[in-house]
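Here the structure comes first, spelled out in structure tokens, and everything after it is commentary.
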Amino acid sequence: DVPTDPRAKVKRCLRLFQVISRQLLQEVESGKKLPDMEINRIDLRTAKILGELNETLNRDKPVVGLVPGVEVGDEYRYRAELSVLGLHRPPQAGIDYTMWNGIHIATSIVASGGYSDDMENENVLIYTGAGGKPTGKTGHTEPEDQKLKRGNLALKNSIETKTPVRVIHGQSTSNSGKVVMTFTYDGLYRVEKYWREKETYMVKGEPKTVAVFKFRLKRLEGQPELNWSKLKKVQRSKVREGLCFKDISLGKEKLPICVINTIDNKNPRQFQYITKTVYPAWYQKTRPKGCTCKGPCSDPKTCSCAVKNGGQIPFNFNGAIVKAKRLIYECGPMCGCPPSCYNRVSQHGIKYPLEVFKTEKRGWGVRSLSSIPSGSFVCEYIGELLRDREAEQRTNDEYLFDIGHNYDDSALWEGLLSDDGIITDEVGAPSSEEGYTIDALERGNVGRFINHSCSPNLYAQDVLFDHDDKKMPHVMFFACENIPPLKELTYHYNYGIGAVRGSDGSVKVKECYCGASECKGRLY
Ligand code: SAM
């Protein structure tokens with residue numbers, strides 16, 4: 001169903017973008033060239049596909065001010081994502097503008113100098129006008145004086161019209177030698193003044209001085225603080241406010257998981273931190289056969305694990321899951337490939353700096369100190385494995401995860417399009433015989449602290465690698481959107497409203513405090 005809520009519409013559009021771009025990336029990684037593209041730009045090709053599917057937003061009528069459904073702090077990997085939302089339409093230009101009451105005004109700018117370089121202080125941005133820069137790394141063209149036309153003129157006009165301008169920061173970070181861009185929506189600003197000044201560029205080793213325009217933009221009051229600036233404060237502070245434990249995993253995870261409570265003076269209830277699910281004594285693991293590949297698996301036709309995945313390695317080379325599937329087979333201990341094989345992702349454990357924190361109304365929750373790109377593996381749900389009927393006997397049901405019911409997360413991925421219409425496929429759908437549940441009350445990992453949201457940013461993916469039993473796959477959480485730092489991580493618990501009953505048969509009610517615009521009000 002096409003959502004009507006503006007936030008849900010934005011999320012749907014971005015999810016489509018991300019799923020399609022990851023599929024295209026997979027094609028490019030396998031050596032294919034993208035159709036009707038002069039250069040292999042998956043972002044531009046994805047935007048084009050979304051346009052053809054009529055799945056872009058706000059493209060017909062440019063928006064002045066707030067774009068419905070876009071929130072301060074939202075993150076993007078590609079400029080084209082800004083474009084498909086109508087947040088900032090041009091694929092390259094830094095200033096977007098439109099005709100408004102007879103004059104051109106600026107609607108949005110992308111400040112790509114990195115958050116700290118562009119900001120005079122937390123609320124004031126100094127933006128350099130467009131044009132005149134030498135192009136190419138070594139300076140193929142001479143720099144020129146900037147002209148007061150197009151975007152520059154529109155920004156100047158916005159001083160008089162007092163119309164707000166959306167600001168998006170572009171930040172490049174290096175990740176294992178690769179430059180990764182992140183664009184963050186910073187909210188609405190007003191252009192206060194502009195002036196001309198001299199700027200010097202090095203061209204072929206020679207300094208060249210030209211005139212540029214500078215615009216001073218002030219952030220409108222009453223908007224939420226950016227998580228990036230909150231994070232800066234955290235990084236600058238010597239002692240972390242509200243620190244309860246430095247590492248709740250007691251060294252068992254590769255990265256420490258600290259516990260922060262700035263709400264009250266309570267600690268989390270005691271439990272044993274484990275990093276591997278505890279199987280019942282009666283359970284005999286059956287080792288999967290494993291592939292016979294030598295070196296990282298690359299040929300989906302010969303790798304038997306890829307064949308089980310429907311003839312595909314389900315991950316991009318950067319470890320992002322291409323699309324949600326009922327069940328994914330990673331390579332495992334019996335395979336011939338090394339640990340660096342692309343078909344081994346979630347088995348390697350946590351790689352984002354997670355922390356447990358006290359929320360206002362949902363008890364403890366989990367967040368990351370760094371951005372998590374859509375498609376990334378976050379963590380597993382680990383605990384004691386029980387038969388459903390044993391789980392039903394447990395008096396505390398707060399940390400139960402019913403395996404096999406997570407794929408009912410239909411709103412997250414059903415109807416999302418691929419070549420064949422749907423991004424999910426039915427490979428290895430679990431049988432409906434006896435069900436299993438993971439209980440993380442007494443023994444568990446960080447996954448036990450992840451709360452429910454009616455508009456989640458993670459989804460639970462069933463994965464097999466060290467045994468072949470489809471009835472008890474590993475429950476692995478992957479990001480289904482780009483997640484900014486310090487944003488709470490959530491998944492959809494998938495309880496039916498009215499479907500949870502107490503031991504006396506009466507319907508149990510639990511209110512939901514996820515705060516999403518499309519919140520149903522109840523967990524069950
Ligand atoms: N918040 C838990 C804690 O403090 O340990 C961690 C999550 S635990 C798996 C599930 C429980 O968290 C639920 O039974 C409920 O009490 C609470 N919870 C999770 N999501 C919630 C939400 N959206 N609204 C209200 N309570 C929530």
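One is the number of the first residue; the rest follow in order along the sequence.
One N or O on the side chain of N445 and one on the backbone of E380 form a donor-acceptor pair closer than 3.5 Å.
There is a side-chain donor-acceptor pair under 3.5 Å between R22 and S374. For S83 and R59, the side-chain atoms include at least one donor-acceptor pair closer than 3.5 Å. Between S346 and E330, the side chains place a donor N or O and an acceptor N or O closer than 3.5 Å (distance only, hydrogens not considered). Checking S21 against Y78 by side-chain atom types alone, no donor-acceptor pair falls below 3.5 Å. No side-chain donor from either of S304 and K289 sits under 3.5 Å from a side-chain acceptor of the other. For the 3.5 Å distance criterion, the side chains of Y513 and E360 fail to qualify, holding no donor opposite an acceptor.
The side-chain heavy atoms of F465 and M476, taken from C-beta on, include a pair separated by under 4.5 Å. Between C514 and T490 the shortest side-chain heavy-atom distance does not fall below 4.5 Å.
Using a cut-off of 4.0 Å between Lys/Arg side-chain N and Asp/Glu carboxylate O, E55 and K9 are scored as not salt-bridged. At a threshold of 4.0 Å, the pair E398-R269 does not count as salt-bridged, since none of the basic side-chain nitrogens sits closer than that to a carboxylate oxygen. Comment: K487 does not engage E481 in a salt bridge, judged by the lack of any side-chain N to carboxylate O separation of less than 4.0 angstrom. For the pair E225 and K230, the salt-bridge criterion is not met [side-chain N within less than 4.0 Å of a carboxylate O]. Between D264 and K358, at least one side-chain nitrogen of the basic residue sits less than 4.0 Å from a carboxylate oxygen of the acidic one, meeting the salt-bridge criterion.
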(request) Before giving the answer on salt bridge (Lys or Arg N to Asp or Glu O under 4.0 Å), spell out for R394 and E384 the whole-Å C-alpha distance, their side-chain angles and the decisive distance to 0.1 Å. (result) CA-CA 12 Å; R394 300 254 157 149; E384 274 178 82; 3.6 Å; yes

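Checking E355, R240, E241 one by one against V234, the side-chain contact (heavy atoms from CB on, under 4.5 Å) holds for a single residue, R240. The one candidate from R7, H492, K11 that meets the side chain to side chain donor-acceptor pair (under 3.5 Å) condition with S455 is K11.
Residues Y436 and Y279 place their aromatic rings such that the two centres sit no closer than 6.0 Å. Ring pair Y342/F317: centre-to-centre distance below 6.0 Å. Checked against the 6.0 Å centroid threshold, F377 and F478 count as a close aromatic pair.
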